[in-house]
Amino acid sequence: MAPSSASASPIPRRPGIDSGIPFLKDGYRFISRTADSLDTDAFRTTILGRPVVCLRGGEAARFFYEGGRFDRSGALPPTVVHLLQDRGSVQTLEGESHSRRKSGFMQLLTGGPEIRLASIAREEFAERALVWRGEESVTFADELPELMTGVAMRWAGIPRDRWDLEARSAELWAMVQQAGSFGPANWAALAGRRRTERWASALIEDARAGRVRAIPQTAFAAVADWTGDDGRPLPVEVAAVELINLLRPIVAVSVFIEFAFLALSRMPKLRTAFRHEDHSELDGFANEIRRRTPFFPAIAGRAMADLDWHGETIPQGRWAMFDIFGTNHDPRLWPDPLRIDPTRYREGRGDVHHIVAQGAGSYDVDHRCPGEPATQGLIAAAIRGLSGTRWSAVGGQDLRVRYSRLPATIRSGLVLNFR
Ligand code: HEM
């Protein structure tokens, strides 16, 4: 059912006491299912005792992302914040300070450097295919994080003798995989994150002191030189956090790449086209993968002032959650939303700007992900890198998606045969 905004109250309350358990059980679908049942795009509830307004849809995307209405401070549980962002990072800044820092990210990730990143990835995938061809089978989920960590390190200009690939890849991957977890798994990932931070801090200090040579024009050199609002170099720990903010998400793109190959294993025509270097649908396909993949289910923010939603007030300080996964599957924006349809963008069945997997609004002033073009390029690069290689999904594996975990995983980890 396509919901209308015809509910009596623009922000009805979800019946029941607390939505914590239903949300934790079904994080990807909780908001849209509830919104459908209440015939609304916004509803009130509490999650683990905290009042929250849940929002979904195209209008909600603009409302949540544009105009600086919501900040991110205190909006996520500390277990998530420490793994994914941490103190002083661009995501925790607002206004002028945010725009200033964000322009640094944009310089590193758009207008050319993202093309270099994609060509490194393509090369690394093509190279690795030679190894995979010699193996009986390959569990993609086990291979991608380390491969992508190497891609990230090389692109960022981290000196090779400092990569410490095995440890860093395990830590960066754990930050992505355990962001939605609680208890021991989360604590272990947090301990790993602290080790990555020490590693990154030492690199920044060494670059500033001239003990290592940061190759000019690379992300490492740039971040070591970034200055704060006061014109002085960023505190070492903040520069370290931002360096990690460039490396970790590149490793996270492994999730999209895994889902891209899952989709391709079920789309033989497209797979054959790509194998024969016909890449005419590649851009549309990569967009569909970003739209369809269950990565971040939702994103939280806090109202910075009293806000008006269709005549009802969302009070200052109120927690809001914008439904990423539901909006990416909203039939009003995406006819036949579950279908991976690379042609929909040119044939008017979807607008690429409505994909909210990586946020919405503008890159410069809003919190939209500066790594969006890079992500698109990396998905395409993995496919191009393996274009010349025959591969198939091994039979008898469990390719169902486990939606109860964040981010969702493919149960058997996608076992491929490259022979
Ligand atoms: C797996 C692919 C990716 C996903 C799913 C993703 C998702 C997101 C989302 C949802 C946001 C908005 C957060 C918010 O609203 O507070 C965001 C912001 C951000 N992303 Fe990504 N991203 C990805 C890849 C990348 C890449 C490749 C980079 C850099 C190399 C990157 C760097 C950032 C940064 C620095 C921010 C903060 C922007 C700000 O606060 O203004 N991301 N990302």
Side-chain angles (χ1 to χ4, degrees), residues 23-33 35 47 52 54-58 60-61 64-65 70-72 75-86 89-92 105 145 148 172-182 186 189 193 244-246 248-260 286-302 319-330 333-334 337 353-361 363 366-376 378-379 401-410:
F23 178 67
L24 289 176
K25 269 196 176 150
D26 192 12
Y28 287 103
R29 289 168 294 205
F30 166 75
I31 298 179
S32 50
R33 282 188 174 165
I47 291 194
V52 55
C54 296
L55 299 155
R56 62 100 185 249
F64 186 80
Y65 270 96
F70 295 91
D71 72 9
R72 303 291 186 266
L76 293 173
T79 47
V80 179
V81 173
H82 292 320
L83 283 183
L84 289 185
Q85 285 293 328
D86 230 332
S89 75
V90 60
Q91 210 188 354
T92 65
F105 276 97
M148 292 300 285
L172 291 165
W173 186 234
M175 290 176 211
V176 178
Q177 286 295 308
Q178 303 305 337
S181 71
F182 297 93
N186 186 276
R193 163 135 196 151
I244 296 170
N245 267 339
L246 288 160
R248 185 205 57 251
I250 293 174
V251 179
V253 176
S254 301
V255 176
F256 284 156
I257 295 175
E258 198 191 347
F259 276 82
N287 276 325
E288 282 292 83
I289 292 302
R290 293 192 305 111
R291 179 180 74 80
R292 285 281 291 114
T293 298
F295 200 116
F296 290 118
I299 192 98
R302 247 182 7 163
W319 199 34
M321 250 186 354
F322 170 68
D323 180 7
I324 288 183
F325 189 75
T327 304
N328 276 343
H329 292 84
D330 185 329
L333 297 170
W334 312 103
H353 296 108
H354 294 155
I355 300 173
V356 293
Q358 295 173 262
Y363 291 121
D366 303 315
H367 284 285
R368 186 184 199 116
C369 174
E372 206 173 32
T375 303
Q376 178 78 0
L378 284 167
I379 300 167
V401 175
R402 194 185 282 121
Y403 283 97
S404 55
R405 125 171 253 304
L406 309 177
T409 48
I410 301 165

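By the ring-ring contact (aromatic ring centres under 6.0 Å, His included) test, Phe105 is found to be paired with Trp226, residues two or more places apart in sequence or in another chain being considered. Partners of Arg291 under the salt bridge (charged side-chain N to carboxylate O under 4.0 Å, His left out) rule, at least two apart in sequence or in another chain, are Glu288.
If you run side chain to side chain contact (heavy atoms under 4.5 Å, CB included) between Asp71 and each of His367, Gln91, Arg302, only Arg302 comes through.
Using a 4.5 Å heavy-atom threshold, the side chains of Ile47 and Met321 count as touching. With contacts defined as side-chain heavy-atom distances shorter than 4.5 Å, the pair Phe259/Pro294 qualifies. The shortest side-chain heavy-atom distance between Trp334 and His354 falls under the 4.5 Å cut-off. Annotation: side chain of Leu378 is not in contact with side chain of Phe256 (no heavy-atom distance under 4.5 Å). At a threshold of 4.5 Å between non-hydrogen side-chain atoms, the residues Arg290 and Glu372 count as touching. Met148 has its side chain out of reach of Trp173: every pair of non-hydrogen atoms, C-beta onward, lies at least 4.5 Å apart. Between Ile244 and Leu172, the closest side-chain pair of non-hydrogen atoms falls below 4.5 Å.
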(request) For side chain to side chain contact (heavy atoms under 4.5 Å, CB included), just list the numbers for Val251 and Val176, CA-CA rounded to whole Å, side-chain angles, deciding distance to a tenth of an Å, and then say yes or no. (result) CA-CA 8 Å; Val251 179; Val176 178; 5.5 Å; no
(request) Please assess Arg193 against Gln178 for the test side chain to side chain contact (heavy atoms under 4.5 Å, CB included), listing each intermediate value before the final yes or no. (result) CA-CA 11 Å; Arg193 163 135 196 151; Gln178 303 305 337; over 6 Å; no
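Residues Ile324 and Ala357 approach most closely at CG2-CA, 3.8 Å, considering heavy atoms. When every heavy atom of Gly301 is checked against every heavy atom of Arg72, the shortest pair comes out as CA-NH1, 4.4 Å. The two atoms that bring Ala260 and Ile289 nearest to each other are CA-CD1, 3.6 Å, heavy atoms only. Of all the heavy atoms in Gly58 and Leu333, the pair that sits closest is N-CD1, 4.0 Å. The two residues Asp366 and Ala360 come nearest to each other via the heavy atoms CB-O, 4.1 Å. When all heavy atoms of Asp323 and Pro297 are compared, the closest pair comes out as OD1-O, 3.6 Å.
Within the model, atoms OG1 of Thr375 and CZ of Phe295 stand 9.0 Å from one another, a figure rounded to the nearest 0.5 Å. Annotation: the span from Thr327 atom OG1 to Arg56 atom CZ amounts to 7.5 Å, rounded to 0.5 Å. Phe30 CZ to Leu24 CG: the interatomic distance, rounded to the nearest 0.5 Å, is 10.0 Å. Atom CG of residue Asp26 and atom CZ of residue Phe23 lie 9.5 Å apart, to the nearest 0.5 angstrom.
Within the 3.5 Å criterion, the main-chain N or O of Gln177 finds a donor-acceptor partner in the side chain of Arg405. In terms of modelled atom types and a separation under 3.5 Å, the side chain of Asn328 and the main chain of Ile355 share no donor-acceptor contact.
Below 30°, between 30° and 60°, or above 60°: for Tyr28 and Tyr403 the angle between ring planes is above 60°, a perpendicular geometry.
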